[in-house]
Visitor: 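Below is a structure I'd like to ask you about.
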Amino acid sequence: MLYKGKPVDLTPEQEEVATMYAVMLDTDYMNKPKFKENFMTDWRKILGRNHVIQSLEHCDFTPIYEWHQKEKEKKKQMTAEEKKALKEEKLKQEEKYMWAIVNGVKEKVGNFRVEPPGLFRGRGEHPKMGKLKKRIRPSDITINIGKDAPIPECPIPGQSWKEIRHDNTVTWLAYWNDPINPKEFKYVFLAASSTLKGQSDKEKYEKARLLKDYIHGIRAAYTKDFTSKDPTKKQIAVATYLIDKLALRAGNEKDDDEADTVGCCTLKVENVEPVPPNILKFDFLGKDSIRYQNEVEVETAVFKAIQQFRSGKKGSDDMFDRLDTSKLNAHLKELMPGLTAKVFRTYNASITLDDKLSRETKGGDVAEKVVVYQHANKEVAIICNHQRTVSKSHSAQMTRLNEKIEELKGVLEELQTDLARAKKGKPPLKSADGKPKRNLNPDALEKKIAQTNAKIEKMERDKETKEDLKTVALGTSKINYLDPRITVAWCKRHEVPIEKIFNKSLLAKFAWAMDVDPSFRF
DNA sequence: CGCCATAAATCGGGGAAGACGTT
DNA sequence: CAACGTCTTCCCCGATTTATGGC
């Protein structure tokens, strides 16, 4: 276990000061005069509460501030070589935490660092926002190792681990209670590139592929149940339909001390508005408080069922009042072994990618094929509602791209003028800054024109893609929902280097999929 | 043309928030 | 069936890499 952040041996009071100090640093308050006052005023405004702040009224930040200034100065004066040496030293220190021997195989460990203290923000309107996140100490941490394995040395002298366990039925290497929500846990797992994770990843996709064989029957069955006399059956049918058609998440019940978000089973009456004759308007906050807005045309039977589920209820009432995720999954398990709600998401994401790729890949160069892939990837991301915030610099980036395209168009025009003149045996005109240009023959000019045109086309394409994807996150589906074998096989068939689609960590994560046959289809 | 400083683009880690089985 | 326990999925942001521009 490795400790992040600075000093560990602090009294509780010092600890809190250091924590608040770290937060101030993050928020750039330290560079302004009266940082403490400004920070506290602003933080109160953000949180609308002050329980964290009160304890800070008497804190003196000066010593730690001075310490930090000195550290900053030290770092600034280091030469490149010293910095490199420092980095290597750090890596060397971390090396011993990076690996675990599992079944005799050396596997990479995922997150082996413990988070430093800080303030909890959470996503969306989180009830625990602003709570102080205390430091995790060795005495909070339970370690899971082999019976005969040596117990890892405790990094803080004089302290010791909470517990040592030997449980080979679980995959975690260590865990501790979440300081924000003590009834929850934080775990250390193996890295995504490990054999163990790879194997379960593969099983996930195999299960989703199995759904292919069942999906027609399942769809026929739930369609029949849209009009069932049994209200529970009817709700299960409609919920399954929404999960299948819209790739909604299951929607487990949530506690009052979590942000108020919903999934399929927890949809409220106010989240779904039926618009005759058969449109459903969805509007709700899903996982991570990301808004889901969609208008979809549905079968009349579904439309009527939804109207019925809503009738006589308040906006804040559950639409599916006879349903929860365990009932739903219990039902799905009867239809196919191991079937749960989330399998539909994997299935629909992967089958969409496979379908789009095979349908839309035409000839063209590698860059054009990559654009086809991105389009397919984008469609999946939209189905799964994977969004991202528009980057702060997006509009500036677009402006710059436009400027460059204009500039190139100017160059192109000039080249064409020169070409016309060259054909008549005249020398080129002087460039805009008045300097004479080299006298090129028509062939060379033609070549330059073609090059410039290609450049412009590429930039136009880049521009379109950028604008197109500014609010869509492609990464999430690539990591979690798209069977990598689809991508690998497609790359092999179309001679696209796999590195154009998968970065280094994805290549490592999907090592198990690399030797797939080029003819593989999901 | 190479060097350096800075800015922009991309990557990957991090930790929060889900899903879902078991107790 | 609520609480617990484990593992997957999710977006953000800091770090790293690459591009840009001045000299």
Visitor: Side-chain N or O of Arg113(A) less than 4.0 angstrom from OP1 or OP2 on dG14(B)?
Guide: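 Arg113(A) to dG14(B) OP1/OP2: side-chain N or O found under 4.0 Å.
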
Visitor: For the pair made of CG in Asp178(A) and P in dT6(C), what is the distance, rounded to whole Å?
Guide: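 In whole Å, dT6(C) P and Asp178(A) CG are 15 Å from each other.
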
Visitor: Hey, does Gln387(A) reach any base, or is it just sugar-phosphate, or nothing, if we go heavy atoms under 4.0 Å?
Guide: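 The residue Gln387(A) makes sugar-phosphate contact but no base contact.
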
Visitor: Could you give the side-chain donor-acceptor pairs of residues 366-374 of chain A under 3.5 Å, partners two or more places apart or in another chain?
Guide:
residue   : atom : partner   : partner atom : Å
Glu368(A) : OE1  : Asp365(A) : N            : 2.9
Lys369(A) : NZ   : His494(A) : O            : 3.0
Tyr373(A) : OH   : Thr487(A) : OG1          : 2.7

Visitor: Using whole Å, report how far NZ of Lys186(A) lies from C1' of dA17(B).
Guide: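 To the nearest whole Å, that distance equals 9 Å.
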
Visitor: Quick check on dT9(C): is either OP1 or OP2 less than 4.0 Å from any side-chain nitrogen or oxygen of His386(A)?
Guide: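 No, His386(A) has no side-chain N/O under 4.0 Å of OP1/OP2 on dT9(C).
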
Visitor: So does Asp244(A) pair up with Arg345(A), basic N to acidic O under 4.0 Å?
Guide: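 No, Asp244(A) and Arg345(A) are not salt-bridged.
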
Visitor: When you measure from the side-chain N and O atoms of Thr261(A) to the phosphate of dG18(B), is any distance below 4.0 Å, counting only OP1 and OP2?
Guide: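 The answer is yes; a side-chain N or O of Thr261(A) sits under 4.0 Å from OP1 or OP2.
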
Visitor: Kindly say if Arg123(A) contacts the phosphate of dG14(B), meaning a side-chain N or O under 4.0 Å from OP1 or OP2.
Guide: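 Result: no.
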
Visitor: Assign each of Asp324(A) and Asp201(A) to its nearest nucleotide of DNA chain C by heavy atoms, then name whichever residue's nucleotide is nearer the 5' end.
Guide: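 Comparing both residues, the 5'-ward one is Asp324(A).
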
Visitor: So, Lys204(A) side chain and Asn480(A) main chain: donor-acceptor pair closer than 3.5 Å or not?
Guide: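 Side chain of Lys204(A) to backbone of Asn480(A), a donor-acceptor pair under 3.5 Å: yes, one is there.
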
Visitor: Phe185(A) has an atom CZ; how far is it from atom P of dA16(B), in whole Å?
Guide: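 Going from Phe185(A) (CZ) to dA16(B) (P), I get 15 Å.
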
Visitor: Rounded to the nearest angstrom, tell me the gap between atom CZ in Phe189(A) and atom P in dT6(C).
Guide: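 Rounded to the whole Å, the gap is 8 Å.
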
Visitor: Would you check if Asp255(A) and Lys183(A) make a side-chain contact, meaning some heavy-atom pair closer than 4.5 Å?
Guide: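 Asp255(A) reaches Lys183(A) side chain to side chain.
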
Visitor: Does a side-chain N or O of Thr476(A) approach OP1 or OP2 of dT9(C) to a distance below 4.0 Å, or not?
Guide: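 Indeed not, no polar side-chain atom of Thr476(A) lies that close.
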
Visitor: Can the positive tip of Lys202(A) be found less than 6.0 Å from the middle of the six-membered ring of Trp512(A), inside 45° of the ring normal?
Guide: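 No.
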
Visitor: Answer whether the closest heavy-atom distance between the side chains of Met398(A) and Lys466(A) falls below 4.5 Å.
Guide: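 Yes; the side chains approach each other to less than 4.5 Å.
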
Visitor: Rounded to the nearest Å, what distance is computed from the OH atom of residue Tyr175(A) to the C1' atom of nucleotide dT8(C)?
Guide: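 About 20 Å, once rounded to whole Å.
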
Visitor: Output a table of nitrogen or oxygen pairs between the protein and nucleotides 19-23 of chain B separated by less than 3.5 Å.
Guide:
residue : atom : partner   : partner atom : Å
dA19(B) : OP1  : Ala250(A) : N            : 3.1
dA19(B) : OP1  : Gly251(A) : N            : 2.8
dA19(B) : OP2  : Asn252(A) : N            : 2.9
dA19(B) : OP2  : Asn252(A) : ND2          : 2.8
dA19(B) : O5'  : Asn252(A) : ND2          : 3.4
dC20(B) : OP1  : Thr340(A) : OG1          : 2.7
dC20(B) : OP1  : Ala341(A) : N            : 3.4
dC20(B) : OP1  : Lys342(A) : N            : 2.8
dC20(B) : OP2  : Asn329(A) : ND2          : 3.2
dG21(B) : OP1  : Lys333(A) : NZ           : 2.4

Visitor: Taking side-chain contact (heavy atoms from CB on, under 4.5 Å) as the definition, give me every residue that meets it alongside Asp288(A), ordered by chain and number, with sequence neighbours left out.
Guide: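 Partners of Asp288(A) under the side-chain contact (heavy atoms from CB on, under 4.5 Å) test: Arg123(A), Ile290(A).
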
Visitor: For the pair Phe522(A) and Tyr347(A), name the ring-plane relationship: parallel under 30°, tilted 30 to 60°, perpendicular over 60°.
Guide: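 If you compare the ring of Phe522(A) with that of Tyr347(A), the planes turn out tilted.
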
Visitor: Starting at NZ of Lys207(A), measure out to OG1 of Thr340(A) and round the result to the nearest 0.5 Å.
Guide: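 Going from the NZ atom of Lys207(A) to the OG1 atom of Thr340(A) covers 5.5 Å.
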
Visitor: For dG15(B), does OP1 or OP2 lie under 4.0 Å from any side-chain N or O of Lys133(A)?
Guide: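 So the side chain of Lys133(A) is outside the cut-off, no N or O lying under 4.0 Å from OP1 or OP2 of dG15(B).
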
Visitor: Considering just the side-chain nitrogens and oxygens of Ser200(A), establish if one lies under 4.0 Å of OP1 or OP2 belonging to dT8(C).
Guide: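 For dT8(C), OP1/OP2 do have a side-chain N/O of Ser200(A) under 4.0 Å.
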
Visitor: Rounding to an integer number of Å, can you tell me how far Asp288(A) CG sits from dG18(B) P?
Guide: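 Between P of dG18(B) and CG of Asp288(A): 6 Å.
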
Visitor: Quick test: give all pairs of protein nitrogen or oxygen and nucleotides 6-10 of chain B nitrogen or oxygen below 3.5 Å, distance rounded to 0.1 Å.
Guide:
residue : atom : partner   : partner atom : Å
dA8(B)  : O3'  : Arg400(A) : NH2          : 3.2
dA9(B)  : OP1  : Arg400(A) : NH2          : 3.4
dA9(B)  : OP2  : Gln397(A) : OE1          : 3.4
dA9(B)  : OP2  : Gln397(A) : NE2          : 2.7

Visitor: Working to the nearest 0.5 angstrom, can you tell me the gap between Trp176(A) CH2 and Asp178(A) CG?
Guide: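 Trp176(A) CH2 to Asp178(A) CG: 10.0 Å, rounded to 0.5 Å.
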
Visitor: Could you state the atom-to-atom distance from CG of Asn385(A) to C1' of dA17(B) in whole Å?
Guide: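 Roughly 15 Å, once rounded to whole Å.
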
Visitor: Please determine if Lys478(A) forms a cation-pi arrangement with Phe502(A), meaning its NZ or CZ atom is less than 6.0 Å from the six-membered ring centre and no more than 45° off the ring axis.
Guide: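 So Lys478(A) doesn't make the cation-pi contact.
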
Visitor: Above 12 or not: heavy atoms from other molecules or residues under 6.0 Å from NZ of Lys500(A)?
Guide: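 12 or below, so no.
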
Visitor: Who are the side-chain contact (heavy atoms from CB on, under 4.5 Å) partners of Arg322(A), not counting sequence neighbours?
Guide: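 By the side-chain contact (heavy atoms from CB on, under 4.5 Å) rule, Arg322(A) matches Pro231(A), Thr232(A), Gln235(A).
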
Visitor: What parts of residues 478-487 of chain A reach DNA chain C, counting only heavy atoms under 4.0 Å away?
Guide: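 Asn480(A), Tyr481(A), in order of number.
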
Visitor: Between dG5(C) atom P and Asn181(A) atom CG, what is the distance in whole Å?
Guide: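 Roughly 13 Å, once rounded to whole Å.
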
Visitor: Which residue lies toward the 5' end of DNA chain B, Lys504(A) or Lys287(A), if each is placed at its nearest nucleotide?
Guide: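 The answer here is Lys504(A).
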
Visitor: Using a cut-off of less than 4.0 Å, is there contact between a side-chain N or O of Thr171(A) and OP1 or OP2 of dC7(C)?
Guide: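 So the side chain of Thr171(A) is within the cut-off, an N or O lying under 4.0 Å from OP1 or OP2 of dC7(C).
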
